[in-house]
Peer 1: 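There's a structure below that I have some questions on.
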Amino acid sequence: SITIEELNKLDKDTYQIIDIRDKEEVQKDEMPGAVYVPSDEIETSEKVDLSKKLIICCRIGKISIDVAERLREKGIDAVSLEGGYTAWLLDSIKRKNEITPSAEVVMIVFW
């Protein structure tokens, strides 16, 4: 498996995030840059670039463990994203808060 911190250090051209959550979940909370593919279609989907490391992402990082293991057994470079979509979302919020100045800072600058 791979942590969100490890994922953030990888060159974006070397991997592809495969979102295996239910279609309804993906439509409600999409991961920018991820490709939605049901787990049983990963090997045959034209959306999947098998020449890259596949980062398999489910809701909380449990189902993706088995999927990544099954793919590795078939010779595909695949890992599970620890914590899944939930970890990605928390990291995304954290990053946004680091970039966006707080209201107090904005008020001081314009005061």
Peer 1: What is the distance from atom SG of C57 to atom CE of M31, rounded to the nearest 0.5 Å?
Peer 2: 4.0 Å
Peer 1: Would you indicate whether the side-chain heavy atoms of L81 and T3 approach each other to under 4.5 Å?
Peer 2: no
Peer 1: Would R70 and D66 count as a salt bridge (Lys or Arg N to Asp or Glu O under 4.0 Å) here? Give the steps.
Peer 2: CA-CA 6 Å; R70 175 178 53 88; D66 291 337; over 6 Å; no
Peer 1: Under the side-chain hydrogen bond (donor to acceptor under 3.5 Å, both in side chains) rule, collect the residues that match up with D77, sequence neighbours excluded.
Peer 2: K53
Peer 1: Can you tell me how far OH of Y36 sits from CG of D19, rounded to the nearest 0.5 angstrom?
Peer 2: 8.5 Å
Peer 1: Are there over 12 heavy-atom neighbours, none belonging to Q27, within less than 6.0 Å of that residue's CD?
Peer 2: yes
Peer 1: How long is the gap from CG on N8 to CZ on R95, to the nearest 0.5 Å?
Peer 2: 3.5 Å
Peer 1: Could you go through the side chain to side chain contact (heavy atoms under 4.5 Å, CB included) check for I42 and I76 one step at a time?
Peer 2: CA-CA 10 Å; I42 292 172; I76 298 169; 5.8 Å; no
Peer 1: Of the non-hydrogen atoms in L71 and E43, which two are nearest, and what is the gap between them?
Peer 2: CD2-CG, 3.7 Å
Peer 1: Is there a chain of hydrophobic side chains (I, L, V, M, F, W, Y, each step under 4.5 Å between heavy atoms) that links L10 to V79?
Peer 2: yes
Peer 1: Under the side chain to side chain contact (heavy atoms under 4.5 Å, CB included) criterion, do I56 and I17 qualify, and how do the steps go?
Peer 2: CA-CA 6 Å; I56 311 300; I17 298 175; over 6 Å; no
Peer 1: Apply side chain to side chain donor-acceptor pair (under 3.5 Å) to residues S1 and E82 and explain how you reach the verdict.
Peer 2: CA-CA 6 Å; S1 65; E82 286 183 22; 2.8 Å; yes
Peer 1: Please answer: with hydrophobic residues joined when any side-chain heavy atoms are less than 4.5 Å apart, are L7 and I93 in the same cluster?
Peer 2: yes
Peer 1: Check for me, please, whether I4 and I55 land in the same ILVMFWY cluster - side-chain distances under 4.5 Å, paths through other members count.
Peer 2: yes
Peer 1: Would the distance check show the side chain of Q16 and the main-chain N or O of L54 forming a donor-acceptor pair, the cut-off being under 3.5 Å?
Peer 2: no
Peer 1: Is there a side chain to side chain contact (heavy atoms under 4.5 Å, CB included) between K47 and E41 once you walk through the steps?
Peer 2: CA-CA 10 Å; K47 298 183 212 174; E41 296 175 19; over 6 Å; no
Peer 1: Ignoring hydrogens and angles, tell me if any N or O in the side chain of E25 forms a donor-acceptor pair with the backbone of E30 under 3.5 Å.
Peer 2: no
Peer 1: When rounded to the nearest 0.5 angstrom, what is the spacing between OG in S64 and CD1 in I2?
Peer 2: 12.0 Å
Peer 1: By side chain to side chain contact (heavy atoms under 4.5 Å, CB included), which residues pair with I63, not counting sequence neighbours?
Peer 2: I20, C58, V67
Peer 1: How long is the straight-line distance from CG of D29 back to CD of E24, given to the nearest 0.5 Å?
Peer 2: 12.5 Å
Peer 1: Quick check on K52: does its NZ atom have over 12 non-hydrogen neighbours (other residues, nucleotides or ligands) under 6.0 Å away?
Peer 2: yes
